[in-house]
Amino acid sequence: MSEINLANIVEATLFAAGKPLSTAQLREVFEEHERPDPDTIKEALELLQERYQSTGLELVRVASGFRFQVRQNLSDWVARLSEERPQRYSRALLETLALITYRQPITRGEIEEIRGVAVSSNIVKTLLERSWVRVVGHRDVPGRPAMYATTRQFLDYFNLKSLDQLPPLAEVRDFETLNADFGFAEPAPESAEAGAGTATDAAQSAANAPAQDAEKHISDDYESAFEQPDEDSVGDVISREFD
Amino acid sequence: MSEINLANIVEATLFAAGKPLSTAQLREVFEEHERPDPDTIKEALELLQERYQSTGLELVRVASGFRFQVRQNLSDWVARLSEERPQRYSRALLETLALITYRQPITRGEIEEIRGVAVSSNIVKTLLERSWVRVVGHRDVPGRPAMYATTRQFLDYFNLKSLDQLPPLAEVRDFETLNADFGFAEPAPESAEAGAGTATDAAQSAANAPAQDAEKHISDDYESAFEQPDEDSVGDVISREFD
Amino acid sequence: MSNPTAGAKGTSPFNPKAVMGPPLPQQGEMPFAVVMGQALTELPKDLYIPPQALEVILEAFEGPLDLLLYLIRRQNLDILDIDVSDITEQYMQYVELMDALQFELAAEYLLMAAMLAEIKSRMLLPRQVADEEDEEDPRAQLIRRLQEYERFKKAAEDIDELPRVDRDVFLTSAAPPEIERVRPEPEVGLQEILVAFSEVMARANMFESHHIQREALSTRERMSQVLERLSGESFMPFVSLFKAEEGRMGVVVTFLAIMELIKESLVEIVQTEAFGPIHVKARVS
């Protein structure tokens, strides 16, 4: 029988859970009198990190916590385990998902406006059923349409810790150039396109419940993060994930 | 990146499968030209057995093959992972319990007469199982229905020496007196505040919505002893998402 | 290691099998579909669309913006350099073709056609700077929409390339140990019972009963206790139900309880001779 120690308990818990667990959730499996503090849990996670260094598994951090997963260089073999081919997603679904991801919170109407085409109910239903998106409120306009945002499950599914790990949204070219090309006299007022869009969103939802508003501010922060070059998302070493 | 080797592939496959795999199934994940013979697979399994010797997991052989499982001596911690949150009793159960408390000995039929709806067997069963209620006899009417009364355990749970310590019926109707009588107000004014708030809210909601109340009676019939646990509120989820 | 932003189109290091179906053409176009056994990766140069392919072509586009983008990209033009007039011509031909084939046209395509027509007509007129103060030029508007759409089209492709669960990322689990399940009992406050009682009584409108008001709970409690002691078939001496050590109050409460039980026909009392001992027994029919 192996020793009962903190690292082994954390290891066993993570494998038994079969889903990512946060530090707080890991602490919950201990009785109050023996509950380690978060730093001690982190030490145990680091120890496990090391323990699995030369194995076929790795301990990673995703949005909702820590999980063991198969190292990606072994995925060819593991993929053969299942008869089914991995699911493919339609362009319509991916574009809708991209708009929700980068423009959250966003209504279906706003998605349709940008895509220039109706969004089928099936797509929205699929995204909701997969728990990739959720309704975070309703825009204070006629019809009170639902506003969608992404979830932690979405990030978990795509192996991400946070939204700012997503590839940044492509830049839009300066409209001054555009106007020059077309020989337009006035500078387009939309030159600050992204910023203006966000501001309108914020104004529209300003009348909403304060809770939603608070949420929105959070997303705004993250949205602005997309526009900037990403500093630390790429190849984030695991040791930094424990900070 | 860790090495791609036989043991690592077998390890990853077993952990990803989520079910026991036979040696034959393990061989299947290799392409034909690289497929190891059964003995080589067995060697890899032995190597893995050793690798996990001092960890919280063990590689075991069960009827349908090999699998990794959490060591039995860690079950206390792992069990707490899936520990169900204590549920809440339904309004129907609390009313039934209250009637048994104040009108004991009382039959199910009598409770139903006062409540105006059927009392589900689940409710009675739950109360009996919790040892809060017992059968003290049978009423001498057709069907000889059981008469229920409260138990010593019931008194112990509520820290009462006898039922006498409950407020008299006449005063239960008046929530303000109730709080005073109970001495909720004296030791901790804040908790009395909270208590009074709940009581008043409940009384108000009972008085305000007769229509809803009527609906409630109907649904009571189908009600179990427990309420559905509340889902996480949306606000809760989003704020944690960006932690 | 997780490296979510890596993975340029077609060179994903995560899993070469991630991309299913025929390989993507180098120019970055999606194959529209397989029509009559042939993969259609490009629209014919002369814009002729075999009738049976029209439906798949329409399905291949995510709407009028996507079709326009395609037309622009096919000419290897930057959006900023497009000749709206040329593109309009092509777009119109497509739409007319769809129409000629009785194709049920999506409203969005017609709307776009109308917009293009407007742009074209404007270009034929002399430019009136002053008039356009508060009205945005439809060309600028269209180009902005195209650019915006293209950003998200690219973002969708990027998301598709991200490593994802069950394709590139495989989750792990181990069998849990044997677990003895203990479900914690719900907590109940006394207050909750009182509230429940007052509510049910309010509903039943039974507060006005004097009977209930007078009744002391101790009597009810004692009734239960007495009944339990009488649960056997045998007779109990009446006096054995009293406990002297409880004092006068206890005797009174017990007596009241027995009286109430008799009244409710829950017990019967038997006296075999005058002034003889009284026995009590639970009533059994």
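If you're wondering where the values come from, they're calculated on a predicted model, not measured in any experiment. Per chain, numbering begins at 1; letters A, B, ... match sequence-line order.
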Exactly one candidate in Lys153(C), Gln147(C), Lys154(C), Glu148(C) meets side-chain contact (heavy atoms from CB on, under 4.5 Å) with Arg151(C); the answer is Glu148(C)
**Study point:** Side-chain heavy atoms of Tyr157(A) within contact of Arg164(C), under 4.5 Å
**Key:** yes
Mind checking whether Thr172(C) and Phe15(A) have side chains closer than 4.5 Å, heavy atoms only?
-> yes
Residue pairs passing the salt bridge (charged side-chain N to carboxylate O under 4.0 Å, His left out) test with at least one member in residues 9-18 of chain A, sequence neighbours excluded, are Glu11(A)-Arg51(A)
Using non-hydrogen atoms only, which part of [X] is less than 4.5 Å away from chain C: side chain, backbone, both, or neither?
X	value
Glu112(A)	neither
Arg67(A)	side chain
Ala12(A)	neither
Glu84(A)	neither

Scored by heavy-atom pairs under 4.5 Å with chain C, the best of Leu81(A), Leu97(A), Val70(A) is Val70(A)
Ranked by heavy-atom pairs below 4.5 Å to chain C, first place among Leu14(A), Leu99(A), Leu93(A) goes to Leu99(A)
Sequence neighbours excluded, the answer for salt bridge (charged side-chain N to carboxylate O under 4.0 Å, His left out) partners of Glu31(A) is Arg80(B)
